[in-house]
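A short worksheet on the structure shown next.
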Amino acid sequence: METITADFFTLDPVECARNLIGCSLFWKGCSGRIVETEAYRAIGDDACHTFLRPSAREFIASHKPGDAYVYLNYGVHWLFNILVKGEAGEGFVLIRALEPMEGAEEMSRRRGGVKASLLTAGPGRLTQALGIGGGDHGASFLELSECGMLRGTCPGVVAGLRIGITKAADLPWRFGDPSSACLSRPFK
DNA sequence: GCCAGGATGTTA
DNA sequence: AACATCCTGGCG
């Protein structure tokens with residue numbers, strides 16, 4: 001297994017989002033296989049935070065590829081993105097679903113004992129399971145010993161429309177492993 | 001199984 | 001005002 005470094009996130013955000021399916025994410029004793037992501041492009045994508053938020057544009061300017069972009073959605077759930085920044089394009093990859101590996105017991109406790117299939121099947125669910133919150137915004141988690149990612153592959157990756165957005169809703173920038181039992185929603 | 005509604009905080 | 005969500009409760 002090969003550790004992912006910041007240069008993994010110097011491709012186009014859409015390529016990064018596709019490549020992350022099958023990789024594994026490690027976070028302070030818990031880990032999971034990434035089975036669902038979405039790409040957001042800083043330029044030309046009206047659904048990206050950069051479209052309306054100067055703070056998102058400032059975040060890109062002042063952070064490195066691979067840094068965590070974490071924000072509170074609907075006042076309720078933290079969502080975990082990874083900054084993509086390179087000559088090929090800038091933007092974010094939203095991590096939308098994992099298959100639990102290590103630390104399932106701790107994740108279940110944080111999630112209030114929900115059934116296993118709902119533990120990390122959704123962007124808000126997985127941050128709660130892993131204990132990711134606002135304090136992690138801007139963290140370069142790839143460089144910490146207890147956090148990081150390993151390369152992996154998934155031969156059957158599929159693409160679909162992004163979920164829950166109204167702007168640029170026609171772009172097929174959601175990626176996933178359609179055979180996973182841990183998706184936030186099935187692919188059609 | 002599907003759908004409606006509400007909780008909740010930050011940004012602009 | 002909008003929002004990259006999730007849970008519950010009402011149906012059948």
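Values reported hereafter were calculated over all heavy atoms of this structure, with side chains retained and with hydrogens, waters and symmetry mates removed. Numbered from 1 within each chain, the chains take letters A, B, ... in sequence-line order.
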**Asked** Is the backbone N or O of Trp78(A) less than 3.5 Å from a side-chain atom of Thr127(A), with the two atoms forming a donor-acceptor pair by type?
**Response** yes
**Request:** Under 4.0 Å from any heavy atom of chain A: name the first and the last nucleotide of DNA chain B that qualifies, 5' to 3'.
**Result:** dA7(B) to dA12(B)
**Asked** Between Arg151(A) and Phe8(A), is NZ or CZ placed under 6.0 angstrom from the six-membered ring centre and within 45° of the ring axis?
**Response** no
**Message:** Just to be sure I understand the geometry, which residues of residues 49-83 of chain A put a non-hydrogen atom under 4.0 Å away from DNA chain C?
**Reply:** His49(A), Tyr71(A), Asn73(A), Tyr74(A), His77(A), Leu79(A), Asn81(A)
**Item:** Hydrophobic cluster identity match, Trp173(A) and Leu94(A), side-chain contacts under 4.5 Å
**Value:** no
**Fill in**
In the 5' to 3' direction, the nucleotides of DNA chain C bounding the stretch that comes under 4.0 Å of a heavy atom in chain A are dC3(C) to dC7(C)
**Request:** Look at atom CZ of Arg185(A) and say whether more than 12 heavy atoms of other residues, nucleotides or ligands are closer to it than 6.0 Å.
**Result:** no
**Request:** Salt-bridge test for Arg109(A) and Glu105(A): reply yes if a basic N is under 4.0 Å from a carboxylate O, no otherwise.
**Result:** no
**Request:** Decide whether a cation-pi geometry holds between Arg162(A) and Tyr40(A); the criteria are a distance under 6.0 Å from NZ or CZ to the six-membered ring centre and an angle within 45° of the ring axis.
**Result:** yes
**Item:** Note: Arg33(A)-Asp177(A) ion pair, threshold 4.0 Å (strictly below)
**Value:** yes
**Message:** So does Arg41(A) get a backbone contact from the side chain of Glu90(A), meaning a donor-acceptor N/O pair under 3.5 Å?
**Reply:** no
**Request:** Classify the nucleic acid contact of Arg174(A) as base, sugar-phosphate or nothing, counting any heavy atom under 4.0 Å across all strands shown.
**Result:** nothing
**Request:** Mind listing the closest non-hydrogen atom pair of Ala159(A) and Pro172(A) along with its distance?
**Result:** CB-O, 3.8 Å
**Request:** Evaluate salt bridge (charged side-chain N to carboxylate O under 4.0 Å, His left out) for Lys85(A) paired with Asp67(A), printing each intermediate quantity in order.
**Result:** CA-CA 10 Å; Lys85(A) 196 178 177 186; Asp67(A) 285 359; over 6 Å; no
**Message:** For a quick test of reading the model, state the closest non-hydrogen atom pair linking Thr120(A) to Ala129(A) and the distance between them.
**Reply:** CG2-CB, 3.7 Å
**Ring-face cation of Arg53(A) near Tyr71(A) (centre distance under 6.0 Å, axis angle within 45°)** = yes
**Message:** Between Arg18(A) (side chain only) and Pro13(A) (backbone N and O only), is there a donor and an acceptor less than 3.5 Å apart?
**Reply:** no
**Beyond-backbone contact of Leu72(A) with His77(A), side-chain heavy atoms, under 4.5 angstrom** = no
**Item:** Verify same cluster id: Ile21(A), Ile82(A) (apolar side-chain graph, 4.5 Å)
**Value:** yes
**Message:** Using a 4.0 Å cut-off on heavy atoms, which residues in residues 122-136 of chain A reach DNA chain C? List them by number, or say none.
**Reply:** Gly122(A), Pro123(A), Gly124(A), Arg125(A)
**Message:** If you apply the rule salt bridge (charged side-chain N to carboxylate O under 4.0 Å, His left out), what do you find for Glu143(A) with Lys64(A), and how did you get there?
**Reply:** CA-CA 12 Å; Glu143(A) 297 178 6; Lys64(A) 300 178 302 189; 3.3 Å; yes
**Message:** At a heavy-atom distance below 4.0 Å, what parts of residues 10-44 of chain A sit against DNA chain C?
**Reply:** Tyr40(A)
**Item:** Position toward the 5' end of DNA chain C (nearest nucleotide), Val114(A) or Ile163(A)
**Value:** Ile163(A)
**Fill in**
Parsed dot-bracket for DNA chain C after applying the Watson-Crick and G-U rules with both distances under 3.5 Å and | for other-strand partners is |||.|||||||.
**Message:** At 4.0 Å (heavy atoms only), tell me whether Ser184(A) reaches a base, stays on the sugar-phosphate, or touches nothing.
**Reply:** nothing
**Fill in**
In terms of heavy-atom contacts, Ala121(A) and Cys182(A) come closest through CB-O, 3.1 Å
**Asked** Under 4.5 Å between side-chain heavy atoms, hopping through other hydrophobics if needed: is there a path connecting Phe141(A) to Val70(A)?
**Response** yes
